[in-house]
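All heavy atoms count here, side chains included; hydrogens, waters and symmetry mates do not.
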Amino acid sequence: PDRYLFTVGTLDPRKGLDALIGALNQPGAPELPLVIAGPASWKDRDIVTVAREAGLQEGRVITLGHLADADLAVAYARASVFVFPNRVSGFGLPIIEAFSLGTPVVHTDTPAALEIAAGAGLAVEPGDGGTYPARLARASATVVGDPVTAERLRYSGLDRAGAFSWADSADRIWQLHAEL
């Protein structure tokens with residue numbers, strides 16, 4: 001689609017994809033499709049069923065499966081907003097990937113996501129499962145509906161991504177070795 005929300009992940013409960021799918025049916029949610037890079041099912045659950053249970057029309061949630069790096073980059077870059085709904089995360093590489101391609105980011109306020117984003121995205125508290133979809137919907141709607149906010153997040157994300165460059169990492173390691 002021309003405009004869409006984008007995420008990567010599975011239906012593993014730690015990933016929060018169920019809450020993001022549920023967010024699409026919340027009052028004020030952006031009326032855009034959700035495009036997901038990742039498997040269409042996890043254990044005994046599949047995305048089509050979760051979307052149907054959330055009251056979404058067929059086609060509102062699109063799964064792409066596993067993507068090659070070049071295709072994944074295109075999906076990130078063309079998205080209206082990247083949403084990182086993870087309730088638990090170890091590092092948050094997808095946030096950096098979205099930042100590096102100039103895509104505005106909505107993410108959870110888990111410690112790892114907050115550290116990675118450093119204020120360059122919109123943070124959402126996952127809290128209990130009941131109101132989390134509504135918070136995701138509001139944050140996504142803010143980015144999609146406010147071009148000034150989207151542009152600010154785009155540039156702050158690009159700036160933040162620079163802190164994770166290979167060249168910067170190599171320089172730091174070189175300096176560490178020089179000090180030893």
Do T10 and L17 have side chains that approach each other closer than 4.5 Å (heavy atoms only, starting at C-beta)? no
Check whether R154 reaches the backbone of G102 with its side chain - one donor and one acceptor, N or O, closer than 3.5 Å. yes
Check the pair L24, L5 against side-chain contact (heavy atoms from CB on, under 4.5 Å), reporting the backbone distance first and the verdict last. CA-CA 10 Å; L24 298 177; L5 307 175; 3.6 Å; yes
Applying the 4.5 Å side-chain criterion to the ILVMFWY set and letting contacts propagate, would L101 and V8 be lumped into a single cluster? yes
Are I96 and F91 close enough, and set up right, to give a side-chain contact (heavy atoms from CB on, under 4.5 Å), and what steps lead you there? CA-CA 10 Å; I96 299 168; F91 180 67; 3.6 Å; yes
Contact summary for A113 and I95, nearest pair of heavy atoms: CB-CD1, 3.8 Å
Rounded distance [0.5 Å steps], CD in E53 versus CZ in R45: 6.0 Å
Quick one: closest heavy-atom pair of S89 and T110, and the distance? OG-OG1, 3.5 Å
Which heavy atom of A123 sits nearest a heavy atom of L114, and at what distance? CB-CD2, 3.9 Å
Please step through side-chain contact (heavy atoms from CB on, under 4.5 Å) for the pair I36 and I47, ending with a clear verdict. CA-CA 10 Å; I36 303 167; I47 289 174; 3.9 Å; yes
Between S156 and R160, is any side-chain donor less than 3.5 angstrom from a side-chain acceptor? no
Quick check: does any side chain N or O of S100 sit under 3.5 Å from a backbone N or O of E97, one acting as donor and the other as acceptor? yes
Is there a path from V124 to F84 through hydrophobic residues (I, L, V, M, F, W, Y) whose side chains come within less than 4.5 Å of each other? no
Provide the closest heavy-atom pair for Y132 versus N86 in the form atom of the first, atom of the second, distance. OH-N, 4.4 Å
Are the side chains of T103 and V81 in touch, meaning some heavy atoms are under 4.5 Å apart? no
Linked, directly or transitively: L32 and L56 (ILVMFWY side chains, under 4.5 Å): yes
Output yes when a side-chain donor or acceptor of Y4 lies under 3.5 Å from a complementary backbone atom of I62, and no otherwise. no
Can you give me the closest heavy-atom contact between A120 and L153, atom names plus distance? O-CD2, 3.3 Å
Taking the side chain from N25 and the backbone from A54, do they hold a donor-acceptor pair closer than 3.5 Å? yes
Scan for salt bridge (Lys or Arg N to Asp or Glu O under 4.0 Å) pairs involving residues 15-27, sequence neighbours excluded, and state none if there are none. D18-R87
side-chain hydrogen bond (donor to acceptor under 3.5 Å, both in side chains) assessment of T149 paired with D146: CA-CA 5 Å; T149 298; D146 183 358; 2.6 Å; yes
Distance-only, no hydrogens or angles: does the S169 side chain make a donor-acceptor pair with backbone N or O of S165 under 3.5 Å? yes
Please determine whether side-chain contact (heavy atoms from CB on, under 4.5 Å) holds for the pair V83 and L136, giving the CA-CA distance in whole Å, both sets of side-chain angles, and the decisive distance to 0.1 Å. CA-CA 8 Å; V83 184; L136 283 172; 4.0 Å; yes
Single-linkage hydrophobic cluster L93~V105, side-chain heavy atoms < 4.5 angstrom: yes
Are L20 and L64 linked, directly or through intermediate hydrophobic residues, by side-chain heavy-atom contacts shorter than 4.5 Å (ILVMFWY only)? no
Measuring from L11:CG to I21:CD1, what's the distance to the nearest 0.5 Å? 5.5 Å
Strictly by salt bridge (Lys or Arg N to Asp or Glu O under 4.0 Å), give each pair with a member in residues 60-86 just once, sequence neighbours left out. none
So, for F99 and G157, which heavy atoms are closest and what is the spacing to 0.1 Å? CB-O, 3.1 Å
Would you call the rings of Y76 and F82 parallel, tilted or perpendicular, taking 30° and 60° as the class edges? tilted
Would one find more than 12 heavy atoms of other residues, nucleotides or ligands at under 6.0 Å from atom CD of Q57? no
